Amino acid sequence: MTATPPESPGLPSHFVPADVEGPLYERWVERGYFTADPDSGKPPFSLVIPPPNVTGNLHIGHALEQSMMDAITRRARMRGFDTLWLPGMDHASLAVNNLVERYLGETEGKGRADYTRDEFMAKAWEWKNRFGGQILGQMRRLGDGVDWSRERFTMDEGLNRAVNTIFKRLYDDDLIYRAERIINWCPLDMTALSDAEVEHADEPGELVSIRYGDGADAIVVATTRAETMLGDTAVAVHPDDERYRHLVGTTVALPLTNRRIPIVADEHVDPSFGTGAVKVTPAHDPNDFEIGRRHDLPMPTIMDERGAITVPGPFQGLDRLEARYAIVAALREDGRIVAEKRPYVHAVGHCSRCDTVIEPRLSLQWWVRVEPLAKAAGDAVREGRVTVEPESMRGRYFQWVDNLRDWCISRQVRWGHQIPVWYSPDGDDMCFGPDETPPSGWTQDTDVLDTWFSSALWPFSTLGWPDATTDLERYYPTTVLVTGYDILFFWVVRMMLFGLYAMDGAVPFETVVLHGLVRDASGKKMSKSRGNVVDPLLWIDEYGADAVRLSLLQGANPGADQAINEEWVVGTRNFGTKLWNATRFALMSGATVDGPLPAVVEGPDAWILSRLNAVIAEVDALYERYEFAKIVDVLYHFAWDEVCDWYIELAKLSLSGPTADSTRRVLGEVLDALLRLLHPMVPFVTEVLWTALTGGESLVIADWPLADPSRADAAATADVRAIQAVVTEVRRFRSDQGVKPSQRVPATLTGVTPTTEPAIRALLRLDDAGDGFAETASLTTASGVRVAFDLSGTIDVAAERTRLTKDRAAAEKELATNSAKLGNEAFTGKAPEAVVAKVRDRVTAAEAEIARIDAALAALPSA
RNA sequence: GUCCCGGUAGCUCAGCUGGUUAGAGCGCCGCUCUUACACAGCGGAUGUCGGCGGUUCGAAUCCGUCCCGGGGCACCA
């Protein structure tokens, strides 16, 4: 590669992200850098994106998740893997269905019932094509290096086929069945929901105690949902409960109706709660349903799909909440209310989508029998075939997977995958696969599948399953899955269930990396209702994608929630500027990447190469554990503190000395490697800088640096540490003395070496002592270097005395602590020799330090 | 009820396989436009490491217990 010498300095004085990011990204895509190539001969590395909702916009959580995935894939690509990051979107069945219905209501003034299924689906596709998919453009803004040629959608043709194929297979294996059970019903969305789609919240309600029957056979029950009494078909008591034993087997009159219901004995009842008697409404409560099954009770449904009472009489047509008040009022009038507790705080289930109170309801739905699948999913992690990072999240995975209940997969909406079961005119049902044609006259089930059913297939359906494609063969199992711990159950567990099942026991991914939630600056969860949502796109506009990405990764500790605010984005933007300026300096200084790195280098050059290779090794190790926050920390400090603050300052000297050529090469090497190391996290600014510095084609396809342990150089490191120690201490002295940074001061140095003295003098702006040098102040550093100054102005003796006194106190403390340890036989006897030796050294050092300070104090003119 | 995670500088967090004077970023206070960078440089201040006990020569780090915050699961009608 030939380095094209940069035109003038080669870089504009400022970096304007908005000007370069878009064109740069499109160039990467056009050149096919992100397109996986099964024929490349490289080992594969693959991951699938957690498909965002087709209706979604890029929010800060996506930005974090995708920044992590982009860093992982870009690094893998640089390390020589055939890398696939597969993008796509989820059809978001219920969410889109609702949006389309609302849209049609607004634009056409019609409701759900006014469209046939086909008409509705046509409208929905139209809507999706028009309003959906915004997030794809926003992912480009972030810089996501995804393989757009393999983009998928959970309702595209191939994925439909995958869905139908696995449904048929599960159905034939008796792992999908249809049954009438109590399900979570949302009366607003008018569909069933899975357990996972219900959120429980404690709310104040009422606990009403009602007397059923009269006189000797009266029995009091308590309820928070009085309206369900219309559906009661029994009262249950515990079999051992003496109070009610005589009533078991008799019947009692159900108030407000002319029905009599039996009193049954059931183990489920807790005799110590309330009166020990429970009203049983089998069609509207899961526990009551079980009691009803055990005692063969009738199970009348008393509400319609909207939650309105259907029982003929005065309450018919009332909404369930209105009915509750009306029924309590009527019972009160009847003198049947014996106690009312209000407010009574208890957990109430809500629809996770629209927040409507869920109605448990007896309903005929489709289910996945999960038990055999869940066993395999749990074992795969237990056996280490799938690693969950961070390890602390493993428990949560098992909590889910080992306690799974059958999954209700049918939904009463239209947008989604229609259940591939057909019914004959006689009522027989049969499942047909994608290539099978049902007999004419049969009609298809009108329900669609839970959105998560198709996303559970994502790691293999997107690669071509059920066909044995090259991609499937090559990229499954995927290497790593990155997602939030909040969808561990919704998605990760279900991918495990279906992946292991469909792929004959092959896991869907080898490692799961769970990240936390992004919160606002005060640690609160972001939500529209709180009004604390931040839009990453606004920050990208303002500070560039690199700054947004890096500020998110900077806070990304595995599995932990993190906060973000604009100031931190500003901070990382400043880091980009720092890199920019450092590279400008390098270019102006003739830094080069041409030719081999000198085998032997000296001084600061040797030191920075030593550090660079240690940093590479450290970063590699941290990537293995997905410790993004630490990777950022390491690179940030290496770049800013070591490269910019020390190495470049030291290099300014050697660039005018005999080793200038060597330094130019090392400076080029260090920046080259640094930009490579940072590229996966901040792809744009590093690309601009690196191409300017090296003349290379693109960092995207450049090689990841290899750590070279042979560059470790303890001697050079010690030299630089010595320079740093003296410089830092004298700077402090100067600052305390009020000597301006720019003021040059004549001084003599003793105890320095010819290799360190020029650097120390230059960094401290100390001139040689010429004629007429008069020492007016001096300083002996901890490392034994004596610096004598000729300060023209007055020395601030008091300030210096304060400083030294403070240092002396610290040294005294150090001496006392360590001497005490040495005087403690328990310590010297039991602690390892290495630790004791260390303490002994510290005592010696502290004593020397005190002596040095005392001498310095004595040398100060008296005030 | 049960389980998990967390409580370290004003804020957000590292450190926690026990052993330097407990760190970083931001913020704060000084001094500087020193020719890559004021989106910067240099210097500085700031902590009963949630409380109390225990183990240990030695505890921010291990154990117990309590308090506070966040979350998961299950819920008694």
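Throughout, protein chains are lettered first and strands after them, A, B, ... in sequence-line order, and every chain is numbered starting at 1. Note that the structure is predicted; figures quoted are calculated from it, not measured.
Residue A:Arg405 places its side chain closer to B:C75 than to any other of B:C75, B:C76, B:G43. Listed nucleotides B:U34, B:G15, B:C42 differ in distance to A:Arg765; the shortest reach to its side chain belongs to B:U34. You'll find that the side chain of A:Phe827 is closest to B:G19, out of B:G19, B:A36, B:U34. Distances were taken from every side-chain heavy atom of A:Trp400 (C-beta onward) to each of B:A24, B:A77, B:C73; the shortest belongs to B:C73. With B:A77, B:G41, B:U34 as the choices, the nucleotide that has an atom nearest any side-chain atom of A:Trp640 turns out to be B:G41. Listed nucleotides: B:G15, B:U34, B:C75. Nearest to the side chain of A:Ser742: B:U34. Listed nucleotides: B:C37, B:G43, B:U12. Nearest to the side chain of A:Lys578: B:C37. With B:C39, B:G27, B:C37 as the candidates, the nucleotide lying closest to the side chain of A:Glu567 is B:G27. When the nucleotides B:A14, B:G41, B:G19 are ranked by their closest atom to the side chain of A:Pro741, B:G41 comes out on top. Distances were taken from every side-chain heavy atom of A:Ala831 (C-beta onward) to each of B:C76, B:G44, B:G19; the shortest belongs to B:G19.
Residue A:Leu207 is out of contact with every strand shown, counting any heavy-atom pair closer than 4.0 Å. No engagement by A:Ser589 is indicated, since no non-hydrogen atom pair under 4.0 Å with the nucleic acid exists. Across all strands, A:Asn824 comes closer than 4.0 Å only to sugar-phosphate atoms, never to a base (heavy-atom distances). Across all strands shown, A:Asp645 has heavy atoms under 4.0 Å from sugar-phosphate atoms exclusively, and none from any base. At a threshold of 4.0 angstrom between heavy atoms, the contacts of A:His200 with the nucleic acid are absent.
Centroid-to-centroid, the aromatic rings of A:Trp640 and A:Tyr636 come within less than 6.0 Å. The distance between the ring centers of A:Phe15 and A:Phe684 does not fall below 6.0 angstrom.
Straight-line distance from the CZ atom of A:Arg625 to the P atom of B:U17: 12 Å, rounded to whole Å. To the nearest angstrom, P of B:C13 lies 12 Å from CD of A:Gln554. Going from atom CG of A:Asp633 over to atom C1' of B:C13 covers 10 Å, rounded to whole Å. Rounded to a whole Å, the OH atom of A:Tyr397 is 19 Å from the C1' atom of B:C3. Straight-line distance from the CZ atom of A:Arg734 to the P atom of B:G41: 18 Å, rounded to whole Å. Protein atom NE2 of A:His14 is 13 Å distant from nucleotide atom P of B:A40, rounded to whole Å. B:A38 atom P lies 11 Å from atom CG of A:Asn574, rounded to whole Å. In this structure, A:Leu655 places its CG atom 14 Å from C1' of B:U35, rounding to the nearest Å.
You won't find any donor-acceptor pair under 3.5 Å spanning the side chain of A:Arg396 and the base of B:C4, going by distance alone. A donor-acceptor contact under 3.5 Å is formed by the side chain of A:Glu649 with the base of B:A36. In this model, no side-chain donor or acceptor of A:Lys740 finds a partner on the base of B:C31 within 3.5 Å.
Only the C1' atoms considered, B:C62 is 29 Å distant from B:C73, to the nearest whole Å. As rounded to the nearest Å, B:C16 and B:A22 have C1' atoms that lie 12 Å from one another. The gap from the C1' atom of B:A24 to that of B:A14 amounts to 7 Å, rounded to the nearest Å. The same atom, P, is picked in B:C3 and in B:G64; the two are 13 Å apart, to the nearest Å. Taking the P atoms as reference points, B:G23 lies 12 Å from B:G47, given to the whole Å. Only the P atoms considered, B:G41 is 23 Å distant from B:U46, to the nearest whole Å. For B:G58 and B:G18, the C1' atoms lie 8 Å apart once the distance is rounded to whole Å. Using C1' as the reference atom, B:G15 and B:C66 are 25 Å apart when rounded to the nearest Å.
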Salt bridge (Lys or Arg N to Asp or Glu O under 4.0 Å) assessment of A:Arg361 paired with A:Glu359: CA-CA 6 Å; A:Arg361 178 186 171 89; A:Glu359 189 59 42; over 6 Å; no
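Between the side chain of A:Asp561 and the main chain of A:Val518, no donor-acceptor pair closer than 3.5 Å is present.
Across all strands shown, B:G10 forms a Watson-Crick or G-U wobble pair, both distances under 3.5 Å, with B:C26. Here B:G1 sits opposite B:C73 as a Watson-Crick or G-U wobble pair (both hydrogen-bonding atom distances under 3.5 Å).
Each of A:Asp561 and A:Phe575 lies near RNA chain B, and the nucleotide nearest A:Asp561 is the one positioned closer to the 5' end. Each of A:Val739 and A:Gly571 was matched to the nucleotide of RNA chain B holding its nearest heavy atom; the match closer to the 5' end belongs to A:Gly571.
With contacts defined as side-chain heavy-atom distances shorter than 4.5 Å, the pair A:Glu642/A:Trp646 does not qualify. With contacts defined as side-chain heavy-atom distances shorter than 4.5 Å, the pair A:Thr233/A:Pro282 qualifies.
Seen from the ring of A:Phe585, A:Lys652 counts as a face-on cation partner, given the 6.0 Å and 45° thresholds.
A:Ile631 contributes atom CD1, which lies 11.0 Å from atom CG of A:Leu550 (distance to the nearest 0.5 angstrom).
Within the structure, a side-chain polar atom (N or O) of A:Asn557 is placed less than 4.0 Å from OP1 or OP2 of B:A14. Residue A:Tyr344 has a polar side-chain atom (N or O) positioned under 4.0 Å from OP1 or OP2 of B:A77. A close approach under 4.0 Å does occur between a side-chain nitrogen or oxygen of A:Asn287 and OP1 or OP2 of B:C76. In terms of phosphate contacts, A:Lys630 brings no side-chain nitrogen or oxygen within less than 4.0 Å of OP1 or OP2 of B:A24. Here A:Arg732 reaches the OP1 or OP2 of B:G44: one of its side-chain N or O atoms lies under 4.0 Å away.
Partner of A:Thr686 under the side-chain contact (heavy atoms from CB on, under 4.5 Å) criterion, out of A:Val688, A:Val682, A:Leu689: A:Val682 alone.
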